[in-house]
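One structure below.
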Amino acid sequence: MRGPVCYAEDESIDRLLKSIVSSVKDFTESQHEVIDRLTRIGSALSAEHNLERLLEMIVDEARKFTSADGGTLYIVDEDEKHLHFEIVQNDLLKVRMGGTAGKIIWEPVALYNDDGSPNHANVSSYAAISGEVVNIPDVYYAKDFDFEGTRTFDASTGYRSTSMLVVPMHDHERNVIGVLQLLNALDSSGKVISFSAESRRLTESLASQAAVALVNNRLIWDLENLFESFIKTIAHAVDEKSPYTGSHGRRVVDITMRIAKKINDMNEGPFSEVHFNDDQMNELRIAAWLHDVGKIAVPEYVMDKSTKLQALFDRIELVKTRFEVLKKDLEIQRLKSGMKAKKAGQGGDGSALIEEMKNVEEDYAFIETVNRGSEFMSDDKIARVKAIAEKTWTLSEDRLPLITDEETENLSVRKGTLTKEERDTINNHAALTYEILSQVPFPRKMKNVPWYASTHHEYLNGSGYPKGLKGDEIPLQSRILTVADVFEALTAADRPYRKGNTLSQATKILGFMVKDGQLDKDLFELFVNEKVFLEYAKTELSQSQIDME
Ligand SMILES: [Fe+2]
Ligand SMILES: [Fe+2]
């Protein structure tokens, strides 16, 4: 008799077991799916480096998880006194504000009342201050918080705010950095329901992942900001070394980036296949800011040497004094010999001494002209400098050369004002740029900064410095920098020895440099034909320099 009963019992136990196994399986699968989704969201959040998109993603994902119709993300401001609206979304009202759509200008929520007491009346403020989650089935019946604002909003839009889940976002030090507020959880038929315990748990988990991503994002931004300011400060310090190179660094960046952007815009011609991505553009920009950093080690008097005798001051004044003393000595000599002749009852007009004095004046005038460095020094002129240098003057009984050996060497410079050693010192700035920048641990995406920056004086024909690189050995980025650097120097109106060139003069000189094989022909043509130079000129040069259209 037991047989059939036993079968029935066995069958029901079997069904029960199957149902338990199935439920456990379903639960495990759904949990697995949730964990999987949370993991995917976590990695997506940490991969997003754009703050606006990150903030949007946090609200989007939290709403998806909880089937919430609306969501608001607040961020605690720096002085920890207010909650700022960063994202506001509502599907029914078709609202998407903040994030990539631009800043929300709503008044922030005060965390403290006028008397300094914590603002517990506002639910988001309460969550931020207390660090607790608030889950409300229907805000119209909530007694602990003031939902006057919500009611006013509903009245003006026809919306009915009902269930609300407010979750504080804690950073790694358990400080609340923001608040995530979800509104109106919907069931599968679209009916508003309360936020479940499961939704709360998941949102808390998402909020903590979001907080970590936000903190990381802020840290990265702060670091980048610090790096950027530091670079600009260094470039500024280099420019400030000389009163004449004022904004050279900034202007070279400006021209460089205009050329690079234009290259990116080209669909035809030699640059149609070239495209600098955001990281490459940034790398080039940083290289442009730092291209002359090696000038830090170049003495100012060499960098700004405006005359041949310029050192810490223009030594022409010393030379002038010697000539004056010599002239006075000759004058005294003439007067003395005149008096002597008179006493002896002899005549004598001292014309030989007068002639000598005239020569001294002419010699000084010659030296003064030579000192300016504006004329080429022929062999004859150098010989005259040397002949004058051999003359002497008297100081406390000592006969001294009118012009010292070192002054003679400077005055004999054939072109410009710099001696070979000084020219080498200045040129060495490019090598120093590499030496300095190669010590900096640039991130991988900026690893070429030292290379691009230090090759801005290399010419395609190998006549540049510091390495005398040729053709393809010089990367396109450096060639752009070279064009920008030369054009800026030509048009800058703040150099000691000349006014800035006009556009026609400057482009003509660039053209000569192309013909000589120094600059890149394609870049020059892009710079001129695509009017890059003109766009720059309109923002940086004086009207009198703009003589081209
Ligand atoms: Fe340079
Ligand atoms: Fe430069």
Side-chain angles (χ1 to χ4, degrees), residues 231-260 283-306 416-418 421-438 440 448-460 462-469 474-498 500-501 506 509-510 513 518-520 523-524 527 532-533 536-537 540-541:
I231 276 164
K232 287 182 185 167
T233 306
I234 291 173
H236 189 64
V238 172
D239 281 348
E240 279 300 304
K241 269 195 84 171
S242 160
Y244 307 114
T245 51
S247 306
H248 176 69
R250 181 183 58 77
R251 289 189 191 140
V252 169
V253 174
D254 188 347
I255 302 169
T256 300
M257 298 321 286
R258 282 175 196 272
I259 298 174
E283 186 177 44
L284 177 59
R285 195 174 57 83
I286 300 299
W289 271 112
L290 295 172
H291 77 281
D292 272 336
V293 72
K295 281 189 178 168
I296 279 180
V298 178
E300 290 96 74
Y301 74 87
V302 178
M303 228 155 69
D304 297 333
K305 197 179 179 201
S306 56
T417 58
L418 297 166
E421 290 72 34
E422 288 163 345
R423 171 67 57 202
D424 288 347
T425 305
I426 288 190
N427 289 0
N428 193 39
H429 82 272
L432 281 172
T433 290
Y434 187 79
E435 235 171 79
I436 293 168
L437 296 183
S438 59
V440 179
N448 293 312
V449 166
W451 180 234
Y452 296 158
S454 62
T455 46
H456 71 275
H457 285 295
E458 298 287 1
Y459 289 147
L460 293 176
S463 64
Y465 58 89
K467 288 181 184 289
L469 299 175
I474 308 168
L476 177 60
Q477 284 87 337
S478 307
R479 299 180 197 191
I480 298 173
L481 269 177
T482 310
V483 171
D485 191 55
V486 173
F487 187 75
E488 199 290 320
L490 286 171
T491 51
D494 46 13
R495 297 295 161 103
Y497 35 87
R498 57 168 169 68
N501 283 291
I509 296 170
L510 285 187
M513 293 178 77
Q518 295 174 319
L519 302 182
D520 187 305
L523 272 181
F524 169 69
F527 188 60
V532 182
F533 75 108
Y536 165 76
E540 289 291 341
L541 303 187

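Everything numeric in this text was worked out from a predicted model, so none of it was measured. Each ligand, and each atom within it, is numbered from 1 in the order the structure gives.
- Of all the N, O or S atoms in H248, the one closest to the Fe ion (ligand 2) is NE2.
- By the 4.5 Å heavy-atom criterion applied to side chains, W289 and I234 are not counted as neighbours.
- Considering only heavy atoms from C-beta on, D292 comes within 4.5 Å of H429 through its side chain.
- Under the 4.5 Å side-chain criterion, counting only non-hydrogen atoms from C-beta, T482 is in contact with Y459.
- The side-chain heavy atoms of V293 and I296, taken from C-beta on, include a pair separated by under 4.5 Å.
- In D292, the N, O or S atom that comes nearest to the Fe ion (ligand 2) is OD2.
- The 12-atom threshold is not exceeded at OH of Y434, counting heavy atoms of other residues, nucleotides or ligands nearer than 6.0 Å.
- Distance check for H457 against the Fe ion (ligand 1): an N/O/S atom falls below 2.8 Å.
- Among the atoms of D485, no N, O or S atom falls under 2.8 Å of the Fe ion (ligand 1).
- Taking the Fe ion (ligand 1) as reference, H429 places its N/O/S atom NE2 nearest.
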